[in-house]
**Q** 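What follows is a single structure, and I will ask about it in a moment.
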2 protein chains.
Amino acid sequence: MTKRSYEQLACPIARSLSVLGDQWTLMIVRDALMGVRRFEGFQKSLCLSRNLLTRRLRHLVEEGLLTKEKIHGSRRFEYCPTQKCKDLLGVLVTFSEWGEQWCPDPEGPLVDIRHTVSGKAVGMRPLLLENGTEISPAEVELAQLREKDS
Amino acid sequence: MTKRSYEQLACPIARSLSVLGDQWTLMIVRDALMGVRRFEGFQKSLCLSRNLLTRRLRHLVEEGLLTKEKIHGSRRFEYCPTQKCKDLLGVLVTFSEWGEQWCPDPEGPLVDIRHTVSGKAVGMRPLLLENGTEISPAEVELAQLREKDS
DNA sequence: AATTTTAGTTGACTTTGTGAACTGATGCTT
DNA sequence: AAGCATCAGTTCACAAAGTCAACTAAAATT
């Protein structure tokens, strides 16, 4: 991915987006977390151009979100999500919830996020970190702590 | 923003990304939620080209994330976040947490997300929707419910 | 051994983004 | 009221990134 002008800024949202903020990267991550492992699998699922997929997969490997590993008993390889990639589940859950609420599809959801043990649907809720009490999003505020460098 | 090939797909993550998934849109949303309201404010904060900012703001207004409103007692106007935009707070919180964990900045965070009542830091935690019990992200799975149209 | 599948690469073309200069209002100062 | 600064864009030349289709070569299948 291109170097972004905000890449070295001290904002964690900006830093995340400098890694993940292009057209396809989060879709590739979504597919990887759904079990897609190979080049043709991503290409058929997403219908993006093959040379761009090559670049995006390379980028995700460089950023440590995927590993390129030999498939057991074969000389081919597969792309496996790392913990860094799996930790994007929360991002995907919040995107999914927002999409369900604000861009609903009459046919209902295609992707479903469930607890493997109980089989129940999973959602995200903001919490106070210290004691775990749930609070209202309306009571939450984003603030800038200090001036940016440039 | 460009029409994306996955735009009408039945996945809520894909639909969200078709609205939000370009280089700058979520950064503009972040700024809007931090209180930036005017063209020059966004431009100085983000250092993106002015004609692109024009397009992105127009896009966000068309998508119902911002409104363009006259400033009281002036003939100038400002861009105000709608509820649809404010509901992206959860997305920004999860991006922020991921960025803090996986792309840490030695100088510490620039953006801070706090509960206005208690002043405490806010985080996101996956929950079982029905009873509110907290579960481990490792126990969560993404699944495709049905085949895509194309 | 021949065919198909996989995982790319290559190159022409199109789209999108950048940077700097320009415009024409509005608002501020004296 | 005149002059200058700020605001919110637009315009244009250029650079970067994405798309599409065809091609390649190795691996797997029949």
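Every heavy atom of this structure was used, including side-chain atoms; hydrogens, water molecules and symmetry mates were not. Chain identifiers are assigned alphabetically (A, B, ...) following the order of the sequence lines, protein sequences preceding nucleic acid strands; residue numbering begins at 1 within each chain. These numbers come from a predicted model, not from an experiment.
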**Q** For residues A/L142 and B/L33, report the shortest heavy-atom separation together with the two atoms involved.
**A** CD1-CB, 3.6 Å
**Q** With a 4.0 Å limit, can you tell me whether A/R38 has a side-chain N or O closer than that to the phosphate oxygens OP1/OP2 of C/dA7?
**A** yes
**Q** Rounded to whole Å, please give me the gap between CG in B/L57 and C1' in D/dT10.
**A** 15 Å
**Q** Can you measure B/H59 atom NE2 to C/dG17 atom C1' for me and round it to whole angstrom units?
**A** 16 Å
**Q** Which of the following nucleotides, D/dG9, C/dG19, C/dG8, is nearest to the side chain of B/T54?
**A** D/dG9
**Q** Among side-chain atoms of A/T25 and A/D22, is any donor-acceptor pair under 3.5 angstrom?
**A** yes
**Q** Is the phosphate of C/dG27, meaning OP1 or OP2, less than 4.0 Å from a side-chain N or O of B/S74?
**A** yes
**Q** Return no unless some side-chain N or O of B/Y79 is found under 4.0 Å from OP1 or OP2 of D/dC7.
**A** no
**Q** Which whole-number value in Å describes the distance from B/F42 CZ to D/dG9 P?
**A** 11 Å
**Q** Does A/R50 put a side-chain nitrogen or oxygen below 4.0 Å from OP1 or OP2 of D/dA22?
**A** no
**Q** If you compare all heavy atoms of B/P81 against all heavy atoms of B/K86, which two are closest, and at what distance to 0.1 Å?
**A** O-CE, 3.8 Å
**Q** Closest approach to the side chain of A/E40, judged atom by atom: which nucleotide of C/dA7, C/dG8, D/dG9 is it?
**A** C/dA7
**Q** How long is the line joining CD of A/E69 and C1' of C/dA7, in whole Å?
**A** 17 Å
**Q** Just the rounded figure in Å: distance from C1' of D/dA21 to CG of A/L52.
**A** 15 Å
**Q** Just N and O in the side chain of A/K44: are any of them under 4.0 Å from OP1 or OP2 of C/dT6?
**A** yes
**Q** Using the side-chain heavy atoms of B/W24, tell me which of these nucleotides is nearest: C/dT18, D/dG9, D/dG18.
**A** C/dT18
**Q** In whole Å, I'd like the distance from the CG atom of A/L48 to the C1' atom of C/dG8.
**A** 13 Å
**Q** Between A/K70 and D/dA27, is there a side-chain N or O to OP1/OP2 distance below 4.0 Å?
**A** no
**Q** Which distance, rounded to the nearest 0.5 Å, do you find between the CG of B/L60 and the CZ of B/R55?
**A** 13.0 Å
**Q** Rounded to whole Å, how long is the line connecting atom CG of B/L53 with atom C1' of D/dC7?
**A** 12 Å
**Q** For B/Q43 and D/dT6, give me the distance from atom CD to atom P, rounded to whole Å.
**A** 14 Å
**Q** Considering just the side-chain nitrogens and oxygens of B/R55, establish if one lies under 4.0 Å of OP1 or OP2 belonging to D/dT10.
**A** no
**Q** Centre of A/F77's six-membered ring, under 6.0 Å away, within 45 degrees of the axis: is that where NZ or CZ of A/K70 sits?
**A** no
**Q** Please tell me which of A/N51 and A/R75 maps to the more 5' nucleotide of DNA chain D, matching each residue to the nucleotide holding its nearest heavy atom.
**A** A/N51
**Q** Where each residue is assigned the nucleotide of DNA chain C containing its nearest heavy atom, which of A/R76 and A/R58 is assigned the position nearer the 5′ end?
**A** A/R76
